[in-house]
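Within every chain, numbering begins at 1; the chains are lettered A, B, ... in the order of the sequence lines, protein sequences first and strands thereafter.
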Amino acid sequence: MSVWLENAIARGQGADDWLAPKRTQALELLAKTAWPTRKTEAWRYTPLRSVERSPAKASTVAANLLPTSVADLSAIELVFVNGRFDTTQLTDDLPEGLSITLGKNLSSGQQGEALANISTIKPERHLFGLINDVLSQDVLLVSVAEGVHITQPIRISSLSSQGVESHTRVFVNLAPNSRLTVIEDTHAQGDSLTTAFVEYQIASNAYLEHYRFALQTGNNVSIGGSHFNLLDHAKMHSTLVGFGSDLTRIDTDIIHAGKFADAKLNAMYLLDGKELFDLHATVEHAMPNGTTEENVRGIVADRSRSVFNGRIHIHPDAQKTLAELNNRNLLLSDRAEINTKPELEIYADDVKCAHGATVAQIDKQALYYLQTRGVSRARAQVMLNFGFINELIDLMPNAALAEWVRPMIRERFLQMEVN
Amino acid sequence: MTEQIDKALAREYEAGFVSDVESETFEPGLNEDVIRRISVMKGEPEWMLEWRLSAFREWLEMEEPEWALVDYPKVDFQAISYYSAPKSMKDKPKSLDEVDPELLRTYEKLGIPLIEQQMLAGIAVDAVFDSVSVVTTFREKLEEAGVIFCPISEAVHKYPDLVKKYLGSVVPKKDNYYAALNCAVFTDGSFVYIPKGTRCPMELSTYFRINEQNTGQFERTLIVADEGSHVSYLEGCTAPQRDENQLHAAVVELVAMDNAEIKYSTVQNWYPGDENGKGGIYNFVTKRGICHTSAKISWTQVETGSSVTWKYPSCVLKGDNSVGEFYSVALTRGRQQADTGTKMIHLGKNTKSTIITKGISAGRSNNSYRGLVRMNPGAQGARNFTQCDSLLIGDQCGAHTFPYVESRNPSAIIEHEATTSKVSDEQMYLCRQRGLDPEKAVSMIVNGFCKEVFKELPMEFAVEAGKLLEISLEGSVG
């Protein structure tokens, strides 16, 4: 066991808040969990040295951090600063049918209900999910009432100051026939360590539009997960955009717990410098007639490393499932590294499943073609990279977010060219 | 229909019988003394014994791998007898006439009449009956061409320099748990050496047969194709029915020197266990080849037997422009579990690899493809194409795909694709409309599904493989 984990466990002992039962449970599991090594399948390509060496410390000092501004987004802002929910940044004018509460402010009856749900969607196997169970200050509960369509997006920002370790936790509940858009964003300054987990319960016929941005770069550790539980006829559309850092690791779990559920996941990662980015996307089809479509694209430059693990698991009852996963990667440098592992685990026969993965460099012919048209090589490279990713940006339902992220991606490509 | 299924499912394992040959067998158990005794029985030189013992010491320190998607009662390595030889082998037979007639009858029952094969098929057969190679034929003809094809125990004496040089050079002693065990206790296997610029005049073939109860089989095969040579090697297996699980931990090493080509084909039909999965063979095999400049190694396998398969024939593409291929059909039914695939390690420039696998799961079986494609920084312009298709027959089986793709060279191109589906209703409807019964229809569809792999097999094997698949699928159609 590592010193870091021992330390985390020690800090988690003796909590007596309303989350104590969950924390105890997580501590028990942690005690049985070995610190990952190269032989641990879930961390095979992702060494945890940067966690072990992280100078980040939990902080109680108030900091004044604001979420990044996105033109025309006008979201309901849920801001965590150094692991604490900043109530001052929350509007008191919430749309009808939407409730946002900190767990500690609930009645004990409501807390009991919440306890029955929290950490049931996030699988127990996530080591840092358990650490988050133990160390997060509180759980923020977001809930949309039945049949309510919330048009204003909700943005959950986890912000960390220099050298701070923080753990944030949100549970989102979409009642039947409701609609909601949630954006998860993490921004961390140097030497910080963040874990940010959000669980989504999506009831029948509800629709979740979801975004996760992990755009902080540099010397920080950012670990987190988005976990979705889909009931009958529930739908979700998720977009993930990641840049790397010392270590960025995101686990996405999509569980088809109801029939005729539909999940779409578009993910892209653009890595430069010595960044490391690891995305583990797991889809569990537990019930029949579900559909899943996953498109994952990566561009990996300089000395960066990407890890993608895309697992589709079809349980015996999940007949008539359609599931597809596509992972395409561009490797731009001879010092960079791409590790990808699309997995299918199938226990039902009447299904159609496919996955594909490619790793290559930019098409030389396309590059040549552009150069013959007078486009400089560097510019042509940026254009082609951009085209590769832009297809997925175009699929983002929220135009304001697409317009916000596009220039950042362009900037990133220009920077890759300089290196 | 159900009647038909029940009948077919109850089909006995055709090659399941135990031939009654007196044999000298060690008491079960494994320690350094046992290894010394094996070495003495084989009359081995000191260096060979030392090699075995060092492997054994490594093995003691190692842990049994548990990452594969297979679930089986653990092997008790102390309950296995590590040596079994047909007794009549003591005064080595010089020709077929001197061979124990009971042995020959065993082969005949299996449909491998040696004499007929010698004459008709033009295949030299090095038949492994339990641990000692019984008959080696066509030796002279091969000698004329300069080809060495003999039991590896004989090669240790006759060609010590070659064996010393290459044994363990592709699969090191401590490569993995089962390989280390094999190094310590292997009793026999084949040794092949093809001299420079020689095209082996015939296809070489070894038939393995596990006969003695409670006897693990630890074959060791070493094939060295010197510069510019070519050889095609066939391996086929079938084993008698019994109730206890049997461990089979073979090691196959291939060395393809510059411009050489080795084609290694396997049809594996060991006893898969009864309908409850009881009594089948554990097949934990390490197969690996190394390709030097412009060399080519091609693995083709048809796996229908064994209760648990753990097998990843691999290629290390060390030389520039070398080529690795892996073609596989794996069929599981009943309670069979297969975790099989390949590793393609690209080290040299412009190396190419192709992986085509077809997994068919029926009954309550689980069939996994597990593969690794790695492009090292030096693999400039390397290329891989992988296609893994799975077919599910029945709603209680599983088909899984675990491909690992690792690239550290931007000029390398890797493509992987996998699909899983069942035999479609449309296909069945079309066939049945044309008067085919469901069983025939499925057999035809499956054969079509596997065609890409079958066409890579030598002709005799392709026929056998097709038949094997057809028989194996009987009763799996609902």
Selection from [options] maximising heavy-atom pairs under 4.5 Å formed with chain A:
{"options": "B:Ser390, B:Cys388, B:Ser368, B:Gly398", "result": "B:Gly398"}
{"options": "B:Arg408, B:Arg374, B:Lys422, B:His400", "result": "B:His400"}
{"options": "B:Asp425, B:Asp389, B:Leu392, B:Ile414", "result": "B:Ile414"}
{"options": "B:Pro410, B:Pro377, B:Cys397, B:Ser421", "result": "B:Pro410"}

Using non-hydrogen atoms and a limit below 4.5 Å, what part of residues 341-351 of chain B faces chain A?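 Near chain A, by residue number: none.
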
Heavy-atom pair count under 4.5 Å with chain B, highest-scoring of A:Asn309, A:Ile346, A:Ile314: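 Looking at each option in turn, the highest pair count goes to A:Ile346.
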
Grab the two heavy atoms, one from A:Pro342 and one from B:Pro403, that are nearest each other, plus how far apart they are.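 Smallest heavy-atom distance, with atoms named: O-CD, 2.5 Å.
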
Residue [X] versus chain B: region with a heavy atom under 4.5 Å:
{"X": "A:Thr340", "result": "both"}
{"X": "A:Arg44", "result": "side chain"}
{"X": "A:Glu41", "result": "side chain"}
{"X": "A:Ile338", "result": "both"}

Step through the shown structure and confirm whether more than 12 heavy atoms of other residues, nucleotides or ligands are within 6.0 Å of CD on A:Glu124.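 No, not enclosed.
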
State whether the number of non-hydrogen atoms from other residues, nucleotides or ligands found under 6.0 Å of B:Lys173 atom NZ is greater than 12. yes

How long is the span from the CZ atom in A:Arg335 to the CG atom in B:Asn409, to the nearest 0.5 Å? 13.5 Å

Atom pair CG/CD of B:Asn376 and A:Glu337 - distance to nearest 0.5 Å: 9.5 Å

Let me check something: any side-chain donor-acceptor pairs from residues 348-355 of chain A under 3.5 Å, sequence neighbours excluded? List them with distances.
residue, atom, partner, partner atom, Å
A:Asp349, OD1, A:Gln319, NE2, 3.1
A:Asp350, OD2, A:Lys320, NZ, 2.8
A:His355, NE2, B:His416, NE2, 2.8

Hey, are the side chains of [X] and [Y] touching, using non-hydrogen atoms and a 4.5 Å cut-off?
{"X": "B:Trp67", "Y": "A:Lys39", "answer": "no"}
{"X": "A:Glu345", "Y": "B:Leu69", "answer": "yes"}
{"X": "B:Phe402", "Y": "A:Leu344", "answer": "no"}

With a 4.5 angstrom heavy-atom cut-off, is it the side chain or the backbone of [X] that approaches chain A, or both, or neither?
{"X": "B:Asp395", "value": "both"}
{"X": "B:Asn384", "value": "neither"}
{"X": "B:Ala412", "value": "backbone"}

Donor-acceptor pair between A:Tyr45 and B:Glu406 side chains, under 3.5 angstrom: yes

How far apart are the C-alpha atoms of B:Val405 and A:Val359, what are their side-chain angles, what is the distance that settles it, and do they pass the side-chain contact (heavy atoms from CB on, under 4.5 Å) test? CA-CA 8 Å; B:Val405 179; A:Val359 181; 3.9 Å; yes

